[in-house]
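Worksheet: one structure, shown below.
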Amino acid sequence: MRVRGMALQLTVIGMLVAAVTAAPEFPIAKPGCSDRCGNVSIPYPFGTEPGCYLDKPFLITCNDSFNPPKAFLTTSTINVTEITLEGKLHVEKYIAKDCYNASGRTRRIKPTLKLAKFIISDSDNIFVSIGCDTVASLSGNLKEAGSNETKYTVGCMSSCNSLKYVPNDTCSGIGCCQTSLAKGVDDLNITVTSQKNHSGILDFNPCSYAFIIEEKKFNFSRSSLLDLENVNKLPMVIDWSIGNNSCAEVKTNTSACQGNSTCYDPDNGNGYLCRCLDGYRGNPYLPNSCLGIFFYRL
Ligand SMILES: *[C@@H]1O[C@H](CO)[C@@H](O)[C@H](O)[C@H]1NC(C)=O
Ligand SMILES: *[C@@H]1O[C@H](CO)[C@@H](O)[C@H](O)[C@H]1NC(C)=O
Ligand SMILES: *[C@@H]1O[C@H](CO)[C@@H](O)[C@H](O)[C@H]1NC(C)=O
Ligand SMILES: *[C@@H]1O[C@H](CO)[C@@H](O)[C@H](O)[C@H]1NC(C)=O
Ligand SMILES: *[C@@H]1O[C@H](CO)[C@@H](O)[C@H](O)[C@H]1NC(C)=O
Ligand SMILES: *[C@@H]1O[C@H](CO)[C@@H](O)[C@H](O)[C@H]1NC(C)=O
Ligand SMILES: *[C@@H]1O[C@H](CO)[C@@H](O)[C@H](O)[C@H]1NC(C)=O
Ligand SMILES: *[C@@H]1O[C@H](CO)[C@@H](O)[C@H](O)[C@H]1NC(C)=O
Ligand SMILES: *[C@@H]1O[C@H](CO)[C@@H](O)[C@H](O)[C@H]1NC(C)=O
Ligand SMILES: *[C@@H]1O[C@H](CO)[C@@H](O)[C@H](O)[C@H]1NC(C)=O
Ligand SMILES: *[C@@H]1O[C@H](CO)[C@@H](O)[C@H](O)[C@H]1NC(C)=O
Ligand SMILES: CC(=O)N[C@H]1CO[C@H](CO)[C@@H](O)[C@@H]1O
């Protein structure tokens, strides 16, 4: 009997989970506001039109001249692919390259990224450089609460004259090097250069590459040394939060967290985030949105 009861309970929970993950069953945008741009859902505090977003950093520019339309962070060229209510913004970022052929340099790209308000996620991303004649560096500004910005630099160097020394499928330091990021980076430059113009290795590695990438989406194989020449952008994660003050500093009544929700401090950067109380679901930044999960009919 008890076993039967438990099995039934499990089924009910299974159905609930299915019902909850199947569709966004609660409104995610303010009434009268658009909640998508092409394939990207836009939950408040983000929004695409005046009156639809919390304040300037949360503006998403939706460009309809693309099909499907593309979402950009504020008025920048930073391409947004996903926004989560848990404080993550998934974007696409250019990779740094220094490319050669037998006559010399053919192409050099040095991307910079300056975020007005948000922070590059140190828990989701890594810094990677790839190449067999490669010196890469990342220099960034660290923003810490209550102090001035400080600069930090990390570098990676790798050199290999034959593909056979490059382990396949692991970023081992030979032909591929990776490091973690510091907390609080909001502004960075990535540079990559070669020392010998890739001479003698042009057939399997014509370019040096460096980039920040979402760790989960990173895969290295020997063919990356060649194939990345044709890849321009890779996915990266940005941490967003509201305002400049922590939950403790924001008075309960002035925080943007609405009914049936609670305030919490992000792991990275200033500001605060909101979350529906346990057993409630909705957009905690919208009034009357966090409702008990039994409100949602199976
Ligand atoms: C994006 O939307 C288009 C139609 O608007 C659809 O064909 C395509 O599969 C979608 N892509 C993704 C990755 O969801
Ligand atoms: C949309 O993208 C096109 C092509 O890149 C560009 O010319 C145009 O200025 C963009 N429009 C807006 C509103 O950003
Ligand atoms: C934006 O990201 C999408 C999805 O990855 C990509 O297909 C597209 O080329 C990017 N657009 C621009 C303008 O960078
Ligand atoms: C190298 O590339 C340049 C332009 O990208 C081209 O003009 C030149 O012919 C190339 N040299 C060789 C040896 O392929
Ligand atoms: C690399 O190529 C540049 C021209 O692109 C040339 O000035 C330089 O001398 C070359 N260096 C080496 C080590 O071959
Ligand atoms: C990045 O480069 C720009 C222009 O070269 C410079 O003004 C800025 O201070 C650099 N930022 C960092 C974090 O090094
Ligand atoms: C920040 O910089 C300003 C001016 O450069 C200086 O007066 C102040 O003491 C610095 N604050 C900290 C916390 O280092
Ligand atoms: C390296 O790994 C890739 C991806 O797993 C695989 O497709 C390829 O065959 C491997 N190459 C060698 C030389 O083992
Ligand atoms: C946060 O601080 C920045 C710069 O100090 C300021 O421009 C901005 O208005 C502040 N934002 C809020 C919501 O207080
Ligand atoms: C918040 O608002 C409620 C009702 O308006 C009031 O009773 C309470 O004292 C306020 N709390 C603070 C910390 O301002
Ligand atoms: C809190 O949740 C309850 C139960 O779902 C709902 O009746 C109530 O309106 C919610 N309150 C707010 C302020 O959203
Ligand atoms: C960084 C990198 O090499 N990413 C590659 C991982 O694999 C996918 C699909 O195989 C490629 O599209 C990426 O470029």
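Numbers here are sequence positions counted from 1. All ligand and atom numbering here is 1-based and tracks the order in the structure. We use all heavy atoms of the structure for the numbers below, so side chains are in, but hydrogens, waters and symmetry mates are not.
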Ligand 11 versus Cys290: contacting region, heavy-atom distance under 4.0 Å =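 For Cys290, only backbone atoms sit under 4.0 Å from ligand 11.
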
Is a side-chain donor-acceptor pair under 3.5 Å present for [Y] with [X]?
{"X": "Asn63", "Y": "Ser65", "value": "yes"}
{"X": "Ser137", "Y": "Thr153", "value": "no"}
{"X": "Ser172", "Y": "Thr170", "value": "no"}
{"X": "Asp98", "Y": "Tyr100", "value": "yes"}

Quick one: does [atom] have a protein heavy atom under 4.0 Å from it?
{"atom": "atom 9 (O) of ligand 4", "result": "no"}
{"atom": "atom 4 (C) of ligand 4", "result": "no"}
{"atom": "atom 1 (C) of ligand 5", "result": "yes"}

request  = Drop me the distance from Gln258's CD to Tyr285's OH, to the nearest 0.5 angstrom.
outcome  =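 Between Gln258 CD and Tyr285 OH, I get 11.0 Å after rounding to 0.5 Å.
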
message = Please list the nearest protein heavy atom to atom 12 (C) of ligand 5 with its residue and the distance rounded to 0.1 Å.
response =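 Going atom by atom, the protein heavy atom closest to atom 12 (C) of ligand 5 ends up being Asn197 ND2, 3.4 Å.
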
inquiry  = To check your reading of the model: name the closest protein heavy atom to atom 14 (O) of ligand 4, its residue, and the distance in Å.
reply    =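 Its nearest protein heavy-atom neighbour is Asn101 ND2, 3.4 Å.
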
query = In terms of atom number and element, which parts of ligand 4 are under 4.0 angstrom from non-hydrogen atoms of Thr106?
reply = 1 (C), 2 (O), 5 (O)

ask   = Numbering the atoms of ligand 11 from 1, which are under 4.0 Å from a heavy atom of Gly259?
value = 13 (C)

message = As an exercise, identify every atom of ligand 11 less than 4.0 angstrom from a heavy atom of Gly292.
response = 4 (C), 5 (O)

Contact (N/O only, under 3.5 Å) between Ser103 and ligand 4 =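 Yes: some nitrogen or oxygen of Ser103 is under 3.5 Å from one in ligand 4.
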
ask   = Is the closest N or O pair between Asn260 and ligand 11 shorter than 3.5 Å?
value =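 The answer is yes, given that Asn260 and ligand 11 share an N or O pair closer than 3.5 Å.
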
message = For the cysteine pair Cys290/Cys276, does the gap between the two SG atoms stay under 2.5 Å?
response = yes

ask   = Should one rank Leu277, Leu291, Asn288 by closest heavy-atom distance to atom 13 (C) of ligand 11, which comes out on top?
value =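 Among Leu277, Leu291, Asn288, the closest heavy atom to atom 13 (C) of ligand 11 belongs to Asn288.
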
query = Looking at side-chain heavy atoms only, is the closest gap between Cys132 and Phe204 below 4.5 Å?
reply =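 A side-chain contact exists here, since the closest heavy-atom pair is under 4.5 Å.
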
N/O donor to acceptor pairs below 3.5 angstrom from side-chain atoms of residues 206-216, sequence neighbours left out:
unit_1, atom_1, unit_2, atom_2, d
Ser208, OG, Asp133, O, 3.2
Ser208, OG, Thr134, OG1, 2.6
Ser208, OG, His198, NE2, 2.8
Tyr209, OH, Leu225, O, 2.9
Tyr209, OH, Glu229, N, 3.2
Glu214, OE1, Lys217, NZ, 3.3

